[in-house]
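Proteins get letters first, then strands, A, B, ... in listed order; numbering begins at 1 in each.
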Number of protein chains: 4
Amino acid sequence: MSDQMELWLQEQLKFYDEDEKKTEKQLRILSAAIEVFAEKGYAASSTSEIAQKAAVAEGTIFRHYKTKKELLLSIVAPMMTKLLAPFVLRDFTKVLDADYASYEQFLRAVIVNRIEFVKKHLPVVKILLQEIPFHPELKEQFLDAVAGQVLGRLTPIIEKFQANGQIVPIPSKTALRLTGSAILGFLAMRYMLLPHLEWEDEQEIEHTIQFILYGLSTSERPG
Amino acid sequence: MSDQMELWLQEQLKFYDEDEKKTEKQLRILSAAIEVFAEKGYAASSTSEIAQKAAVAEGTIFRHYKTKKELLLSIVAPMMTKLLAPFVLRDFTKVLDADYASYEQFLRAVIVNRIEFVKKHLPVVKILLQEIPFHPELKEQFLDAVAGQVLGRLTPIIEKFQANGQIVPIPSKTALRLTGSAILGFLAMRYMLLPHLEWEDEQEIEHTIQFILYGLSTSERPG
Amino acid sequence: MSDQMELWLQEQLKFYDEDEKKTEKQLRILSAAIEVFAEKGYAASSTSEIAQKAAVAEGTIFRHYKTKKELLLSIVAPMMTKLLAPFVLRDFTKVLDADYASYEQFLRAVIVNRIEFVKKHLPVVKILLQEIPFHPELKEQFLDAVAGQVLGRLTPIIEKFQANGQIVPIPSKTALRLTGSAILGFLAMRYMLLPHLEWEDEQEIEHTIQFILYGLSTSERPG
Amino acid sequence: MSDQMELWLQEQLKFYDEDEKKTEKQLRILSAAIEVFAEKGYAASSTSEIAQKAAVAEGTIFRHYKTKKELLLSIVAPMMTKLLAPFVLRDFTKVLDADYASYEQFLRAVIVNRIEFVKKHLPVVKILLQEIPFHPELKEQFLDAVAGQVLGRLTPIIEKFQANGQIVPIPSKTALRLTGSAILGFLAMRYMLLPHLEWEDEQEIEHTIQFILYGLSTSERPG
DNA sequence: CATGAATGAGGGTTCATTCAT
DNA sequence: AATGAATGAACCCTCATTCAT
């Protein structure tokens, strides 16, 4: 069942992977910029270094992107969309309904899928997380997307599982925050803070899922 | 009992709050630097803006701090120490033993205390978190402190509670990661991402603690 | 005969005069830098003044020369080579042999030629002499060139003239030092210390040559 | 006879060695300044380095010398006086007359004496020579002293020896230039350019003196 | 007299951006 | 479309000098 959902997700998301056609040079620029931004941060990166790494003249960057900032946004903005894509799918909740899926199945499918996504686009996600604190527009854009789309989609799901007693009746935002923290915490540790350690990925993910499930479960609680 | 521990913690930590005597100008510089670094990030902050905000000549900054980087470190390095201080206390575990404390009591005391601390030193903690990705020495220093001191102190505690059945028998590092994620996730949301929202702090903290407790509890689990 | 040698020298040296192609701006920068360095010395010259005098943006200087020091070296290093060039010519001694030239003819040709050269490149030579005391690498480079190339070429010449009795049998290095001092002394006086006086150049040069010749001659000496 | 003159010189010059009374700190400042100026040159030396090397507060330097330049002059100006002192002695020529001294005896006494002096005050002489090109007042002061005092005293001596046939009848300025070049050339080589080599000082000085004597002698010359 | 914190102008250098080719 | 030389503002930092202590 979770596999079904996984496949369904993949299907739906293909739509979002279309990139406009870019020249080879443009791709080299993007790739170089991602590398440099991820390593040094936007502010400490120089367009000249990016140009050099992309084997392109300095001026060429500005032919495709009016400013350095626009280059950053062209990297980070689509990532935001794609990162949150599954939660924005129109028939996202229906699938669950149709399947009478448990919260566990839902969680498992989404988490595994998103972790896979982050792993694949790690440097860009890194840039996104690193730069959000310094760019109000980015932050706003991010919060808007989350508040406006993700919350709207996820809240009913949480509430449904609260209604049928699978999830403890706390504010849905709190439940989502806790779920998100556990996942992001794993990703940050795994891929940003300690990427050089040897990780038992499957076990860690499993423990994380269990942690969330039990953390939000309604099994009897002390007074 | 948790109150007792809280008080005990406060007592022990007073030692760490001593600051060397600084001139008034130096304090103004530090304060301005914290403000600017927190807002724009280290790389995008200019010493001239800091000087202006501190109402000090730019040269004055460099009389007290040889370089801009040294200014950053003088802000961030002590914070690292203080942030981790309670976990480095020598008789940290003994207090727990003596009290036969439950994991809940332990968690509650530490979390409340650290949240209070972060709230008080928010901008510096923000700088620390924001800059760690860009300064390998900072990252290393941080990981060393955590790996060398904190882990050593916390692992036995976790294991003790695992031994007496209060905590699920997963690797202690995983348990600590999950606990840390939940706390840091709260702080990041509460104070960095959405500080302008109205928060029911006590409830949120309570839910977070419960989340951790149940997430790690050994209450019967489904196959 | 001395005229022959003079012509031969000119011919040989043409090879050294090739300069890589430089843009017009680069030439203006070099010219301005030479002017300012010669007048104020390297340390007291500012790149902004050089830029201004070259009618170029300050940044332009650093597009062509990574550092101020590199600008200095790019002016001074080739001069060192060219200044010593005639003494490094491969068939330098052969010409003398072939002609059974006297020490006087040799001296006359070389001195006149080098004085002409210095006159032409005066400011750069000034810079070279002025900066050698402050830049160990320059000093070393200079001494290496002199010790490694010039001495090797001139010593046999001196010794030949000592063998046939034209030059007094003192250490060849001493003879060279005394010869060099007389020439450099003239140049320093003439072009650096008292350039505004009216000089009878031909007479002075003639006296200087005579001074060297008699100073090193074997005409009967007292006790 | 040359020894007599040497002693007489020493006697006359004592007068010039009186220093005004300086505090110990002032002496430390002077000594440090001499060291730093000699090594890096005036422009590249910082008062803070001098203060540090003198173990004195930065402000203390400016209590004794209004400006950095004044510090330089206070070091260099007296040196100029003392360096030229023997040629300014009132009864300088009389001594020679009284003794019917030969040019050789005269030269020998003066050269040995001045070389000894330079050796003793080497760093300051170094500073003087290095800075003269960059400070018009210094240069002027130096030329005035030489032209106004030294020339006036030495010209009659040269002319006397030309009259009695010991020196070749060239312009006295030329003769002095040649003499000076040979001496300065030796000093520059010996103490500034190649101080680390092992020098046979007595021999070199002797050769230098002979070089000058023969260079200016009237022994029969070719065509 | 001695100090050293404070100054702010100026130092060399980097940088994002422009534009003629 | 691509280039890279040119720009000049802004950067971090050093400096000689001042002045309250």
Test side-chain contact (heavy atoms from CB on, under 4.5 Å) applied to [X] - qualifying residues, sequence neighbours left out:
{"X": "V56(D)", "answer": "K25(D), R28(D), I29(D), A54(D), T60(D)"}
{"X": "E137(D)", "answer": "K69(D), L73(D), H135(D)"}
{"X": "S74(B)", "answer": "L30(B), Y65(B), L71(B)"}
{"X": "K40(B)", "answer": "V36(B), A44(B), S45(B), E49(B)"}

Closest non-hydrogen atom pair, K139(A) against I132(A):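 Residues K139(A) and I132(A), closest heavy atoms: CB-O, 3.9 Å.
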Protein proximity profile, nucleotides 5-12 of chain E - base contact B, sugar-phosphate-only contact S, no contact -, cut-off 4.0 Å on heavy atoms: BBBB--SB
Rounded to the Å, how far apart are [X] [atom1] and [N] [atom2]?
{"X": "I29(B)", "N": "dC13(F)", "atom1": "CD1", "atom2": "P", "value": "14 Å"}
{"X": "Q52(D)", "N": "dT14(F)", "atom1": "CD", "atom2": "C1'", "value": "14 Å"}
{"X": "K69(A)", "N": "dT17(E)", "atom1": "NZ", "atom2": "C1'", "value": "16 Å"}
{"X": "E70(C)", "N": "dT14(E)", "atom1": "CD", "atom2": "P", "value": "11 Å"}
{"X": "E24(A)", "N": "dA1(F)", "atom1": "CD", "atom2": "P", "value": "16 Å"}
{"X": "Y65(D)", "N": "dC1(E)", "atom1": "OH", "atom2": "C1'", "value": "14 Å"}
{"X": "L71(C)", "N": "dT13(E)", "atom1": "CG", "atom2": "C1'", "value": "13 Å"}
{"X": "K66(D)", "N": "dT17(F)", "atom1": "NZ", "atom2": "P", "value": "11 Å"}

Contacts of H64(B) that satisfy ring-ring contact (aromatic ring centres under 6.0 Å, His included) - sequence neighbours left out: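 Result, ring-ring contact (aromatic ring centres under 6.0 Å, His included) vs H64(B): none returned.
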Secondary-structure string, 5' to 3', Watson-Crick or G-U under 3.5 Å, | for another-strand partners, for DNA chain E: .||||||||||||||||||||
Please say whether the positively charged group of K68(B), taken as NZ for Lys or CZ for Arg, lies over the ring of Y42(B), i.e. under 6.0 angstrom from the six-membered ring centre and within 45 degrees of the axis.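 Yes, K68(B) and Y42(B) form such a contact.
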With E131(D) via salt bridge (charged side-chain N to carboxylate O under 4.0 Å, His left out) - residues at least two apart: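 Salt bridge (charged side-chain N to carboxylate O under 4.0 Å, His left out) check on E131(D) returns nothing, list empty.
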Going by salt bridge (charged side-chain N to carboxylate O under 4.0 Å, His left out), name the residues that satisfy it together with E58(B), two or more places apart in sequence or in a different chain.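 Applying salt bridge (charged side-chain N to carboxylate O under 4.0 Å, His left out) to E58(B) gives none.
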